[in-house]
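What follows is one structure encoded as structure tokens, with my remarks underneath.
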Amino acid sequence: MNREPKSLQDAIVYFSNPDNCISYLAAKRWPNGVICPICGSEKVSAFNPTRKTWKCSKHHSKREFSVKVGSLAEDSAIGWINGLPRSGC
């Protein structure tokens, strides 16, 4: 992330790109590197840009996860990318 948006207009423009949303949320959620939200393992594969997920190196049923897993946005009916500028993140 280059810089945090300072105004609502900046946020709308910046977060209109889904990759910016994911980068921003991942940096806020895991400031010291991505950790599996299911088992807590720090051994996580590199980000898969096609699926927009990471994969835990441990073998469990929910190895593949996105930045939404384990967050309030996980089961939300509102699109998280659309709601991000309004959330005050």
Side-chain angles (χ1 to χ4, degrees):
M1 177 173 60
N2 297 337
R3 63 177 186 85
E4 230 173 84
K6 299 296 182 196
S7 69
L8 179 59
Q9 181 66 34
D10 286 346
I12 290 169
V13 170
Y14 184 79
F15 292 122
S16 66
N17 179 338
D19 292 332
N20 288 345
C21 293
I22 293 167
S23 295
Y24 180 83
L25 290 173
K28 290 293 185 183
R29 183 171 184 182
W30 301 298
N32 298 318
V34 178
I35 297 171
C36 176
I38 306 303
C39 72
S41 174
E42 294 178 1
K43 293 182 181 177
V44 174
S45 68
F47 183 70
N48 179 339
T50 304
R51 296 181 54 91
K52 301 194 182 321
T53 59
W54 292 267
K55 188 179 280 188
C56 180
S57 65
K58 294 192 176 180
H59 294 281
H60 51 79
S61 61
K62 297 183 179 179
R63 294 178 64 185
E64 194 169 346
F65 61 92
S66 71
V67 74
K68 286 175 51 174
V69 172
S71 73
L72 291 172
E74 182 174 11
D75 295 323
S76 175
I78 299 172
W80 63 283
I81 292 172
N82 295 331
L84 192 60
R86 295 176 202 85
S87 71
C89 290

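No experiment lies behind these values; they were computed from the predicted model shown.
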About how many Å separate [atom2] of [Y] and [atom1] of [X], when rounded to the nearest 0.5 Å?
| X | Y | atom1 | atom2 | value |
| --- | --- | --- | --- | --- |
| Lys68 | Thr53 | NZ | OG1 | 13.0 Å |
| Asp10 | Glu4 | CG | CD | 11.0 Å |
| Lys58 | Cys36 | NZ | SG | 8.5 Å |
| Glu64 | Lys52 | CD | NZ | 13.0 Å |

Quiz item: Any donor and acceptor pair, going by atom type alone, linking the side chain of Ser23 with main-chain N or O of Asn20 inside 3.5 Å?
Solution: no

Quiz item: Hey, does the side chain of Ser57 reach the backbone of Lys43 with a donor-acceptor pair shorter than 3.5 angstrom?
Solution: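 Yes, Ser57 side chain to Lys43 backbone: donor-acceptor pair under 3.5 Å.
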
Quiz prompt | Residues that His59 engages under side chain to side chain donor-acceptor pair (under 3.5 Å), provided they are two or more places apart | solution = Arg63

Show the nearest heavy-atom pair for residues [X] and [Y], with the distance to one decimal.
| X | Y | result |
| --- | --- | --- |
| Pro5 | Phe15 | CG-CE1, 3.9 Å |
| Ser41 | Val44 | O-CG2, 3.7 Å |
| Trp30 | Ile35 | NE1-O, 3.4 Å |

Exercise. Decide yes or no on side chain to side chain contact (heavy atoms under 4.5 Å, CB included) for Ile38 and His60, but give the supporting numbers first.
Key: CA-CA 9 Å; Ile38 306 303; His60 51 79; 3.8 Å; yes

Quiz item: Would you call the rings of Trp54 and Phe65 parallel, tilted or perpendicular, where under 30° means parallel and over 60° means perpendicular?
Solution: parallel

Practice problem: Walk me through it: do Val34 and Phe47 pass the test side chain to side chain contact (heavy atoms under 4.5 Å, CB included)? | Solution: CA-CA 9 Å; Val34 178; Phe47 183 70; over 6 Å; no

